[in-house]
2 protein chains.
Amino acid sequence: MDILTQANRLEALGNPTRLAIYRALVRAGHAGTPVGKLQDAIGIPASTLSHHLAKLCACGLAGQTREGTVLRCRAHYDVMEQLVAFLAAECCADATAAPCETSACG
Amino acid sequence: MDILTQANRLEALGNPTRLAIYRALVRAGHAGTPVGKLQDAIGIPASTLSHHLAKLCACGLAGQTREGTVLRCRAHYDVMEQLVAFLAAECCADATAAPCETSACG
DNA sequence: AAAATATTTCGAATTTTCTGGAATGATAAA
DNA sequence: TTTATCATTCCAGAAAATTCGAAATATTTT
């Protein structure tokens, strides 16, 4: 439940291109999708896509497994669910965690 | 439900300092908190804080109302709930919206 | 081992973000 | 109207993100 970890994930999804990539992974379901097909779908240069995928993987939101010459990418749903749970628990109206202790709550 | 709008909000929360600011706003509840108290709580220069608050307000996640010389800041819970709903609906395992239409789903 | 395919890493330019001191603007009190 | 307080805007430097062609790496096929 590290805040910096969650911030890193939010930042990863905050880039419109990466959000599009991540959504394509989600639509691909548990089977995932090869990098090449992602490239066709999103329409950006391979090197750019690779950088974005690296960021999504580094923050835990996605993973890759090699299948021959192809790299299959998958969304890590459990990590996204963690993130959503974090937002719901600590950033919404009825936030229960991290109760007010500072002078900022006056 | 504009994707760019949601990406903008995710980006806003993706900065650790801004996430801390936003969480302080949430902890302050519906009453909100003045900029000055936020500054005491977070411990950053006024101009830096002001920039971050401006970004949170610009993307809709927060708002400000003047009370005399004081500016009171509040989290916009409905906007955050929209964002969480977006993530749950389009970025999680059982995503129903935006069904697979592209070649990226093979 | 050479060729073909898939993808990453390198290198470098461009753009954007982040930061904070100084100046300015807004409001209230004396 | 002067003074004081609160907060933003201006300005500019430093750091980081974004982009993508070219070169390199990984794997399979012939």
Side-chain angles (χ1 to χ4, degrees), chain A residues 3-5 7-22 24-25 28 31-59 61-74 103-106, chain B residues 3-5 7-22 24-25 28 31-59 61-75 102-106:
Chain A
I3 293 173
L4 290 182
T5 300
N8 201 30
R9 290 169 182 168
L10 290 166
E11 186 196 22
L13 293 173
N15 177 279
T17 302
R18 273 197 302 271
L19 184 56
I21 292 168
Y22 183 80
L25 290 182
T33 189
V35 173
K37 289 223 172 181
L38 270 179
Q39 191 186 348
D40 295 342
I42 309 281
I44 57 178
S47 61
T48 302
L49 174 59
S50 191
H51 285 305
H52 284 311
L53 281 173
K55 182 138 194 170
L56 286 173
C57 291
C59 75
L61 281 168
Q64 294 177 312
T65 56
R66 183 166 282 281
E67 295 179 2
T69 62
V70 153
L71 260 186
R72 185 167 290 267
C73 307
R74 287 180 180 84
S103 63
C105 299
Chain B
I3 293 173
L4 289 182
T5 300
N8 201 30
R9 291 169 181 167
L10 290 165
E11 187 196 23
L13 294 172
N15 178 278
T17 303
R18 273 196 304 269
L19 184 56
I21 293 168
Y22 184 80
L25 290 182
T33 188
V35 172
K37 291 224 170 180
L38 269 179
Q39 192 185 348
D40 296 342
I42 308 280
I44 57 177
S47 61
T48 303
L49 174 58
S50 192
H51 286 308
H52 284 310
L53 281 173
K55 182 138 193 171
L56 286 173
C57 291
C59 75
L61 281 167
Q64 294 176 312
T65 55
R66 183 167 282 282
E67 294 179 3
T69 62
V70 154
L71 259 187
R72 186 167 290 268
C73 306
R74 288 181 180 83
T102 79
S103 63
C105 299

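Lettering follows sequence order; numbering is per chain, from 1. Only a predicted model underlies this, so the values are computations on that prediction, with no experimental measurement involved.
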Query - Over all atoms of both residues, closest heavy-atom pair of Ile21(A) and Leu53(A) - result: CG2-CD2, 3.8 Å
Can you list the residues that meet the side chain to side chain contact (heavy atoms under 4.5 Å, CB included) rule with [X], with sequence neighbours excluded?
| X | answer |
| --- | --- |
| Arg9(B) | Thr5(B), Gln6(B), Cys59(B), Leu61(B), Val79(B), Gln82(B), Leu83(B) |
| Ala62(B) | Leu25(B), Leu56(B), Cys57(B) |
| Leu71(B) | Val35(B), Gln64(B), Arg66(B) |
| Ala20(B) | Ile42(B) |

Report task. Mind jotting down which residue pairs meet the side-chain hydrogen bond (donor to acceptor under 3.5 Å, both in side chains) criterion with at least one end in residues 41-52 of chain B? Sequence neighbours excluded, please. Result ->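 Residue pairs passing side-chain hydrogen bond (donor to acceptor under 3.5 Å, both in side chains), neighbours aside: Arg18(B)-His52(B).
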Report summary line: Of Thr48(A) and Gln39(B), the one whose nearest nucleotide on DNA chain D sits closer to the 5' end is Gln39(B)
If you round to the nearest 0.5 Å, how far is [atom2] of [Y] from [atom1] of [X]?
| X | Y | atom1 | atom2 | value |
| --- | --- | --- | --- | --- |
| Ile3(B) | Leu10(B) | CD1 | CG | 11.5 Å |
| Asn15(A) | Asn8(B) | CG | CG | 11.5 Å |
| Leu38(A) | Cys73(A) | CG | SG | 5.5 Å |

Query raised in the report: Of all nucleotides in DNA chain D with an atom under 4.0 Å from a non-hydrogen atom of chain A, which is the first and which the last going 5' to 3'?
Result: dA17(D) to dT28(D)
Query - Contact letters for nucleotides 22-30 of chain C, in which S counts primed atoms plus P, OP1 and OP2 and B counts the base, heavy atoms under 4.0 Å - result: B---SBS--
Report task. Please state how far atom CG in Asn15(B) lies from atom C1' in dT17(C), giving the value in whole angstrom units. Result ->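 Distance check: Asn15(B) CG to dT17(C) C1' gives 9 Å.
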**Report entry** Pairs flagged by salt bridge (Lys or Arg N to Asp or Glu O under 4.0 Å) wherever residues 42-58 of chain A is involved - sequence neighbours left out
**Finding:**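 Those involving residues 42-58 of chain A are Glu11(A)-Lys55(A).
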Query raised in the report: Of all of residues 49-57 of chain A, which get a heavy atom below 4.0 angstrom from DNA chain C, listed by number?
Result: Ser50(A), His51(A)
**Report entry** Pro45(B) side chain, from C-beta outward: closest of dG20(C), dT8(C), dC18(C)
**Finding:**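 Taking heavy atoms from C-beta onward, the closest nucleotide is dG20(C).
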